[in-house]
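Below, each value reflects all heavy atoms present in this structure, side chains not excepted, and no hydrogens, waters or symmetry copies.
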Amino acid sequence: MQEKWLPVWDELAPFRSGRPDDERPKKYVLDMFPYPSGDLHMGHAEAYALGDVIARYWAQQGFNVLHPIGWDSFGLPAENAAIKRGIDPNGWTEDNIAQQKASMRRYACSFDWDRVLHTSDPAYYRWNQWLFLRMYERGLAYRKDSAVNWCPNDQTVLANEQVVQGRCERCDAIVTKKKLTQWYLRITDYADRLLDDMAQLEGAWPEKVLLMQRNWIGRSTGAEVRFAIEGRDEPVTVYTTRPDTLFGATFFVVAADSDLAAELAAGTAAEAEFAAYLEGIKQVSDIDRLATDRPKTGVFLQRYAVNPVNGERIPIYAADYVLADYGTGAIMAVPAHDQRDWEFATAFGLPIRTVVEPPADFEGEAYAGDGPAVNSGFLDGMRKAEAVAAMIAWLEERGLGTGAVNYRLRDWLISRQRYWGTPIPIVHCPSCGEVPVPDDQLPVRLPSAEGLDLTPKGTSPLGGAEAWVNVPCPRCGGAARRDTDTMDTFVDSSWYFLRYLDPAKTDGPFDVEAAREWMPVDQYVGGVTHAILHLLYARFFTKVLHDLGMVDFEEPFTRLLNQGMVVMGGSAMSKSRGNLVRLSDELAENGVDSVRLTMVFAGPPEDDIDWADVSPSGAKKFLARAWRLSGDVTSPVGVDVTTGDLGLRRATARAVDDARKAVESQRFNVAVAKTMELVNAARKAIDSGPGGADPAVREAAEAVAIMLSLVAPYTAEEMWERLGHQPTVALAGWPTVDPALLVEDTVTCVVQVAGKVRDRLEVPPTIGEDELRALALAAPGVVKALGGAGIRTVVVRAPRLVNVVPA
RNA sequence: GCCCCGAUAGCCCAACCGGCAGAGGCAAUGGUCUCAAACACCAUCCAGUGUGGGUUCGAAUCCCACUCGGGGCACCA
C-alpha cells in the first residue's frame, strides 16, 4: 500500500499550504520538531499520530492547514557521537535527518514538505545571531560574571532550567558551581508579562503547564528594607515578604557565598572562621544542599545591623541557607515566624520573639500564618494584610524601605562551551571591548570540525580553531578574537515556528507579513517535558519580537496539547531495562495505519500509553473490517442517499456528529470508538439488514473512510478508491450531517420511584412536563412500587426522566 | 514538607449542565463456517464507580476527610 499511495500523495501534495491563490481560512498546526538522534521511536509515533489527527481534521473541514516539520539539529548528542566515533557532527546529523524524514513520509504524516528546516543550517542559525544582536542592542543580552551551574560530565554550563534535582537534566551528573563570565538573556525583564499573559492561555493550555510556569516564575510581593550596618557607610537592603514581622527580627543573615559576606567578615575576629566555613560549603554539592533535614550552619561575623523600626542592634551571621542570587542575598531573620530562621535561632541560641499571635491550638515551631500583630508598636492588633501595608507606608515615609516584587526566575544563561551550536556573534577587542559582528557579516559560521579537539575540557573547542578565532576587530580593525562560546540550543527552538512561514528567506529571520496571516499557532502538540524550558523561552522570544515590532501578538501558541509517554509494562522504555519496543518492528508487523490507530485509540491523548495494555493487532483487525465494508457496497457513486435505510442513516449522522465533537474536544479515542460503532452498524445492515445495495450503506462506508482518513490514511485511501472515488480522501471534506437525522422521534424516559428505576416510557422528545408527569404516575411499574403510598413530590425532567418521591 | 492531577468490569477506556453506570476495544467463553485450524461472523459473560462521611428527589459527577498511584516544587525570605 505504501508503494501505491506515497507517489500519488506526492503528486497531489494535499498538504502543501503556501499556494498564493488559496482562499480557505487558515490554521497552523505545529508538532514539536524532533532532535535527529537515530530513527523515529514510539514517542515520535504517538506525538505525530495525534498532531496528524488535528491537522487532517481541519483539512477535512476546509481549512488551509499549515503543518510543517523540521529538525532541532544542534546539540550535544551529535557532538558526543562525533567524539566517540571520530566523525563529523554535521554528517552524522544529516544522515539522521534523512532517515527520520523517510520514516515520517512512510508514517504518512501530513507535513508540508516544502517547508522543512533544520537549525544547524547556517541559513537558520544566522538568524539566531541576528536576533541575539537585536537583543544585545537593547541590553537584553549581556555578559556577567557569576557562579554558574556546571556539568562536570558534559563540561559545560547549564541554565537554571536544565538543572533537575541538582543533576544535569541530560546526563544526570551532579551539577557543581563554577565562577565564570557568561552570556545571559534578560528574561527577568519579562517576568511580569510572562506571568500575567498566562491568563490568555487559561483553558487552552493544560492547567498543569500553566501551574508549572507560574511556580517557575515565582513572583512574590513584599518589601525591601534598609538596615544600617555598624561600621559601614552604606546600609544593606533585604527583601522580605513579611514586612509586618519586622519587630520580630532578632538577627540578620547574609549569604555566605556573597561578596557582601566576604566584605563584612574582612578585618574582623571572625575572618578566619568565615574563610574556613566558606571553603566548607563549596564542597557541599547541590544534592546535599537539597536535603530537607540538613542542620542550619553559619558563622557570626562579629558585626551588627540596626533594625530600622526599633533601633535594635542585631547580630549578623553568614550562612548557606540564604541564597546569594535571590533578593539581595541578605535577610532579616524572624525566627518566630519563619521555620528556617527558627531552626537557625535554635541552633545558635538566638532570641525568638513572637510578633504575630498564633491561634490557641497552634503546635508548630515557627508560625507563618495570619493573626493579630503583638509586640509590634504601631502595628499591634492589625492582621497580616493591614500590617504589611502599614509597615510599607511607614518605611516609605521615612525613606527606610519600599514595597517590592521578587521573582524566582533568573536570567537565562545561554553560553555553552561546546562545538555544535550557534556561535555567539561577538568579537572581543583589546581596545574596543565587546564588539557585535555587523549584520552584513552574518552568519558567523562554525569552523569545520576537522582538526578540532571536540573533547569537553571546560573551554569551548572553538578556541582551538586559530584561523577562525583570530579576526580583525570590526570597529578598529586591530587584532581581536571571536567569542568562542556557542548558544544554548533552546535559542534555536524559541522562534523556529516563525521560520517555517518562509524557511528560505534571506533578508530576515521570518516573513513578517506571513506571520500576520498564520500566527499565532492554533494548535501546538508536544511532550510535557518541555512544560517549562522550551515553552517559557518561546513565549519570551515572542514578546521580545513583539517589542521589536516584528509580530503583532504576545503569545505564540494559542492551544497546547501535551501527549503522554509510551511506556512498556508500567515504566519508561529503555534499552537497559530491556523493555524497549522498536517502532520499526511494530510497523513491520502491523503496518503504519494499525500503529497510528493504536496510538490514537489507546486513551485520552495526555495519558501515558502502556504498550502492554494495547493491541495493535486488534487495530489491524478493525481496519480490515472497515475496509471490507467498501467491498460490500454495490450502489453506484453519487446514488441518492436520502432513499436509504433510515436507521442506518441516523446511525451515520450520529456517528459523524459525535466524532466531530470528540475531535474538537481532543477526545480522539472517543472519535475512533464512534467510527467503530458506525462500522458495526454498517456491517449489520449489510449482513442482516437492507443489504449492500442500500444507498445508506454507501453513505456509511464513505463516512467511515473519511473519518478513518484522520488516523489511518492508507486504509482510508484504499476504501475511497474501492468506493469508486478519485484520490485523495484526505481532501474529500468532512461528511455533512442532516440535522433532521439527529432528532429522534421517540426517546426513552426513565421513571424512578425514590431514585430507583421502576419503569420506562417511549415518549416524543417534545413531550410537555404535565403530560409526562401524568403518563409516569400511571405507569404500571410506578403504581406497583408506590403500593398505594402517597406522593410527596414529582421531579420531571422532560423528556428523559421522572422521579416520583413517595411521602 | 508544600502544591497539582488521577482512581469506573480481569485489562485499556466511555458516560454533556448532577438524571437508566456502558459507547468502543482487549482478554475470556459458546456458536456458525472448515476435514481441522487460522481468519471472518454471531452471541454471551463481567463492575455499582478507591474508602468513610455530607449536600440533594437523585451523586461516578458537587463538598469534606482519608488511602493508594502519578507529577511538579523544594532553604526563593
Side-chain angles (χ1 to χ4, degrees), chain A residues 164-166 206-216 218-220 222 238-243 245 253 255 289-294 296 319-323 325-334 337-341 343-344 368 406-410 528 531-532 564 570 597-598 601-604 606-610 612-619 621-622 624-625 628 654-655 658 661-662 665 667 669-680 683-684 687-688 748-760 792-797 800-806:
Chain A
V164 178
Q165 306 272 294
E207 194 47 49
K208 185 172 135 179
V209 173
L210 295 177
L211 189 74
M212 282 165 72
Q213 294 219 353
R214 261 184 215 112
N215 290 340
W216 190 263
R219 180 164 64 191
S220 73
V238 303
Y239 173 74
T240 177
T241 55
R242 295 295 304 274
T245 63
V253 189
R289 273 183 71 105
L290 291 176
T292 46
D293 53 354
R294 210 165 133 260
K296 294 282 180 289
D320 67 349
Y321 83 93
V322 171
L323 306 176
D325 61 350
Y326 182 79
T328 61
I331 62 155
M332 64 178 212
V334 184
H337 306 291
D338 182 285
Q339 185 61 26
R340 296 155 300 183
D341 297 343
E343 286 164 17
F344 192 88
N406 241 303
Y407 305 90
R408 215 189 72 114
L409 183 71
R410 307 295 150 86
V528 72
I532 302 175
L597 179 69
T598 304
F601 183 56
E606 58 276 8
D607 286 8
D608 287 350
I609 298 173
D610 194 329
D613 290 335
V614 296
S615 172
S617 62
K621 275 197 262 181
F622 163 70
R625 188 171 148 83
R628 278 197 305 274
R654 215 175 308 118
D658 286 352
K661 281 189 269 192
S665 54
R667 288 141 53 233
N669 54 327
V670 178
V672 171
K674 296 299 171 190
T675 311
M676 290 173 165
E677 216 177 330
L678 181 55
V679 168
N680 291 343
R683 182 82 262 154
K684 200 165 250 167
D687 290 348
S688 52
T748 307
C749 176
V750 176
V751 187
Q752 302 175 330
V753 176
K756 287 200 171 61
V757 181
R758 296 299 185 189
D759 213 328
R760 281 154 217 268
R792 184 140 62 107
T793 38
V794 183
V795 180
V796 184
R797 291 282 177 276
R800 298 252 174 222
L801 180 128
V802 176
N803 188 13
V804 180
V805 186

Trainee: Please tell me which of the listed nucleotides, B:rC57, B:rA77, B:rG24, lies nearest to the side chain of A:Asn680?
Mentor: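 Of B:rC57, B:rA77, B:rG24, B:rG24 is nearest to the side chain of A:Asn680.
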Trainee: What's the shortest heavy-atom distance between A:Ser220 and A:Tyr326, and which atoms?
Mentor: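 Result for this residue pair: OG-OH, 3.4 Å.
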Trainee: Do any N or O atoms of the protein come closer than 3.5 Å to N or O atoms of nucleotides 20-23 of chain B, and which pairs are they?
Mentor:
from	atom 1	to	atom 2	distance (Å)
B:rC20	O2	A:Arg760	NH1	2.0
B:rC20	O2	A:Arg760	NH2	3.4
B:rC20	N3	A:Arg760	NH1	3.4
B:rA23	O2'	A:Glu677	OE1	2.4
B:rA23	O2'	A:Glu677	OE2	3.0

Trainee: Who does B:rC73 pair with, Watson-Crick or G-U, both distances under 3.5 Å?
Mentor: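 Result: B:rG1.
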Trainee: Rounded to whole angstrom, note down the C1' distance from B:rC2 over to B:rA15.
Mentor: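 Between the two C1' atoms, the distance is 35 Å.
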Trainee: Indicate, with a heavy-atom threshold strictly under 4.0 Å, whether A:Thr240 touches base, sugar-phosphate, or nothing.
Mentor: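 Counting heavy atoms under 4.0 Å across all strands, the contact made by A:Thr240 is with sugar-phosphate only.
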Trainee: Please report the distance separating the C1' of B:rA40 from the corresponding atom of B:rU34, rounded so that it comes out in whole Å.
Mentor: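 Looking at atom C1' only, B:rA40 and B:rU34 are 12 Å apart.
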Trainee: On a whole-Å scale, what distance lies between the P atoms belonging to B:rA74 and B:rG6?
Mentor: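 Each nucleotide's P atom is 23 Å from the other's.
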Trainee: Syn or anti for B:rG54, given that syn means the glycosidic angle lies within 90° of 0?
Mentor: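 Base orientation: anti.
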Trainee: Taking the same atom, C1', in B:rA9 and in B:rC5, what whole-Å distance lies between them?
Mentor: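 Between the two C1' atoms, the distance is 24 Å.
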Trainee: Can you tell me which nucleotide in B:rG24, B:rA77, B:rC57 comes closest to the side chain of A:Arg797?
Mentor: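 Within the option list, the nearest is B:rC57.
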Trainee: Taking only the C1' atom of each, what is the distance from B:rG19 to B:rC64 in whole angstrom?
Mentor: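 It comes out at 24 Å once rounded to the nearest Å.
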Trainee: What integer distance in Å separates A:Asp607:CG from B:rC12:P?
Mentor: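 Going from A:Asp607 (CG) to B:rC12 (P), I get 11 Å.
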Trainee: Does the side chain to side chain contact (heavy atoms under 4.5 Å, CB included) test come out yes or no for A:Lys208 and A:Leu211, once each step is laid out?
Mentor: CA-CA 5 Å; A:Lys208 185 172 135 179; A:Leu211 189 74; 5.7 Å; no
Trainee: Would you check, one step at a time, whether the test side chain to side chain donor-acceptor pair (under 3.5 Å) holds for A:Arg625 with A:Asn680?
Mentor: CA-CA 9 Å; A:Arg625 188 171 148 83; A:Asn680 291 343; 2.3 Å; yes
Trainee: Could a donor-acceptor pair under 3.5 angstrom be found where the side chain of A:Asp613 meets the base of B:rC12?
Mentor: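 Counting by modelled atom types and ignoring angles, no donor-acceptor contact under 3.5 Å is found here.
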Trainee: Specify the closest pair of heavy atoms between A:Thr598 and A:Pro616, including all atoms of both residues, with the distance to one decimal.
Mentor: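 For A:Thr598 versus A:Pro616, the nearest heavy atoms are OG1-CA, 3.2 Å.
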Trainee: Using Watson-Crick or G-U wobble geometry with both distances under 3.5 Å, which nucleotide pairs with B:rG22?
Mentor: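 In the structure as shown, B:rG22 has B:rC13 as its Watson-Crick or wobble partner.
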Trainee: Measure from CD on A:Gln213 to P on B:rG71 and round the result to the nearest Å.
Mentor: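 From A:Gln213 CD to B:rG71 P: 20 Å.
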Trainee: How many angstroms lie between atom CD1 of A:Ile331 and atom OH of A:Tyr321, to the nearest 0.5 angstrom?
Mentor: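 Between atom CD1 of A:Ile331 and atom OH of A:Tyr321 there are 4.0 Å.
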Trainee: Using purine N1 to pyrimidine N3 plus N6-O4 or O6-N4 for Watson-Crick, or N1-O2 and O6-N3 for G-U wobble, each under 3.5 Å, what pairs with B:rU55?
Mentor: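 Its partner is none (no Watson-Crick or G-U wobble pair with both distances under 3.5 Å).
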Trainee: Could you give the CD1-to-P distance, from A:Ile609 to B:rG70, as a whole number of Å?
Mentor: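 One finds 19 Å between P of B:rG70 and CD1 of A:Ile609, rounded.
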Trainee: Please give, in whole Å, the distance from B:rG24 C1' to A:Asp658 CG?
Mentor: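 It is 12 Å, rounded to the nearest whole Å.
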Trainee: Give, for atom CG of A:Asn215 and atom CG of A:Leu409, the distance between the pair rounded to the nearest 0.5 Å.
Mentor: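 Reported value, rounded in 0.5 Å steps: 12.5 Å.
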Trainee: Under 4.0 Å from OP1 or OP2 of B:rG24: is there any side-chain N or O of A:Thr675 that close?
Mentor: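 No.
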Trainee: Just label B:rC17 as syn or anti from its O4'-C1'-N9-C4 or O4'-C1'-N1-C2 angle, using within 90° of 0 for syn.
Mentor: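 Syn conformation for B:rC17.
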Trainee: Can you check whether any acceptor in the base of B:rC75 is under 3.5 Å from a donor in the side chain of A:Lys296, or vice versa?
Mentor: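 It does, because a donor-acceptor pair links the side chain of A:Lys296 to the base of B:rC75 below 3.5 Å.
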Trainee: Between A:Gly603 and A:Leu211, which is nearer to the 5' end of RNA chain B once each is assigned its nearest nucleotide?
Mentor: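 Whichever sits nearer the 5' end wins; that is A:Leu211.
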Trainee: Please give the distance between the C1' atoms of B:rG58 and B:rG18 as a whole number of Å.
Mentor: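 About 8 Å, rounded to a whole number of Å.
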Trainee: Side-chain contact, heavy-atom cut-off 4.5 Å: A:Pro604 with A:Asn669?
Mentor: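 A:Pro604 reaches A:Asn669 side chain to side chain.
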Trainee: Between A:Ser615 and A:Glu207, which is nearer to the 5' end of RNA chain B once each is assigned its nearest nucleotide?
Mentor: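 Looking at RNA chain B, the more 5' nearest nucleotide goes with A:Glu207.
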Trainee: Once you apply a heavy-atom cut-off of 4.0 Å, does A:Ser220 come out as touching a base, just sugar-phosphate, or nothing?
Mentor: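 Sugar-phosphate, backbone atoms only, no base.
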Trainee: Show the distances under 3.5 angstrom between N or O atoms of the protein and N or O atoms of nucleotides 37-41 of chain B.
Mentor:
from	atom 1	to	atom 2	distance (Å)
B:rA40	O3'	A:Arg628	NH2	2.6
B:rC41	OP1	A:Arg625	NH1	2.5
B:rC41	OP1	A:Arg628	NH2	3.0

Trainee: P atom, B:rA27 versus B:rC62: distance in rounded Å?
Mentor: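 34 Å, rounded to whole Å.
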Trainee: Could you state the CG-C1' distance from A:Leu210 to B:rC5, rounded to the nearest angstrom?
Mentor: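 Taking atom C1' of B:rC5 as the reference, CG of A:Leu210 is at 14 Å.
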Trainee: Any strand is fair game: report the nucleotide pairing with B:rG50 by Watson-Crick or G-U wobble, both distances under 3.5 Å, or none.
Mentor: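 Result: B:rC66.
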Trainee: Ignoring hydrogens and geometry, is there a side-chain-to-backbone donor-acceptor pair from A:Asp341 to A:Val334 under 3.5 Å?
Mentor: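 Between the backbone of A:Val334 and the side chain of A:Asp341 there is a qualifying donor-acceptor contact (under 3.5 Å).
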Trainee: A:Asp608 side chain to A:Gly564 main-chain N or O, any donor-acceptor pair under 3.5 Å?
Mentor: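 No, because the side chain of A:Asp608 does not come within donor-acceptor range (under 3.5 Å) of the backbone of A:Gly564.
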Trainee: Atom CH2 of A:Trp216 and atom P of B:rG71: how far apart are they, to the nearest Å?
Mentor: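 Distance check: A:Trp216 CH2 to B:rG71 P gives 18 Å.
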Trainee: Could you state the interatomic distance from OG1 (A:Thr240) to CE (A:Met332), rounded to the nearest 0.5 Å?
Mentor: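 Rounded to the nearest 0.5 Å, the OG1-CE separation comes out at 4.0 Å.
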Trainee: In Å, rounded to the nearest 0.5 Å, how long is the span from CD of A:Gln752 to CG of A:Asp759?
Mentor: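 Going from CD on A:Gln752 over to CG on A:Asp759, the span is 12.0 Å.
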Trainee: Under 4.0 angstrom, heavy atoms only, what part of the nucleic acid is A:Val614 near: base, sugar-phosphate, or nothing?
Mentor: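 No contact at all - A:Val614 keeps every heavy atom at 4.0 Å or more from the nucleic acid.
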Trainee: In whole Å, measure the gap between the P atoms of B:rC12 and B:rC17 for me.
Mentor: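 It works out to 25 Å between them.
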Trainee: Roughly how far, to the nearest 0.5 Å, is the CD atom of A:Gln213 from the CD1 atom of A:Ile532?
Mentor: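 Answer for the CD1-CD pair, A:Ile532 versus A:Gln213, is 7.0 Å.
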Trainee: For B:rA74, does OP1 or OP2 lie under 4.0 Å from any side-chain N or O of A:Arg408?
Mentor: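 It does, given that an N or O in the side chain of A:Arg408 lies less than 4.0 Å from OP1 or OP2 of B:rA74.
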Trainee: Whole-Å distance between B:rC75 P and A:Arg242 CZ?
Mentor: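 Whole-Å distance recorded here is 20 Å.
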Trainee: For B:rA40, what is the paired nucleotide under Watson-Crick or G-U wobble rules, both distances under 3.5 Å?
Mentor: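 Its partner is B:rU32 (Watson-Crick or G-U wobble, both distances under 3.5 Å).
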Trainee: Hey, is the main chain of A:Ala368 close enough, under 3.5 Å, to the side chain of A:Arg242 for a donor-acceptor pair?
Mentor: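 Side chain of A:Arg242 to backbone of A:Ala368: a pair is present.
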Trainee: Using a cut-off of strictly less than 4.0 Å, decide whether A:Tyr321 has a side-chain nitrogen or oxygen near OP1 or OP2 of B:rA77.
Mentor: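 No, outside the criterion.
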Trainee: Over how many whole Å does the gap from A:Arg219 atom CZ to B:rC73 atom P extend?
Mentor: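 Those two atoms, CZ and P, are 20 Å apart.
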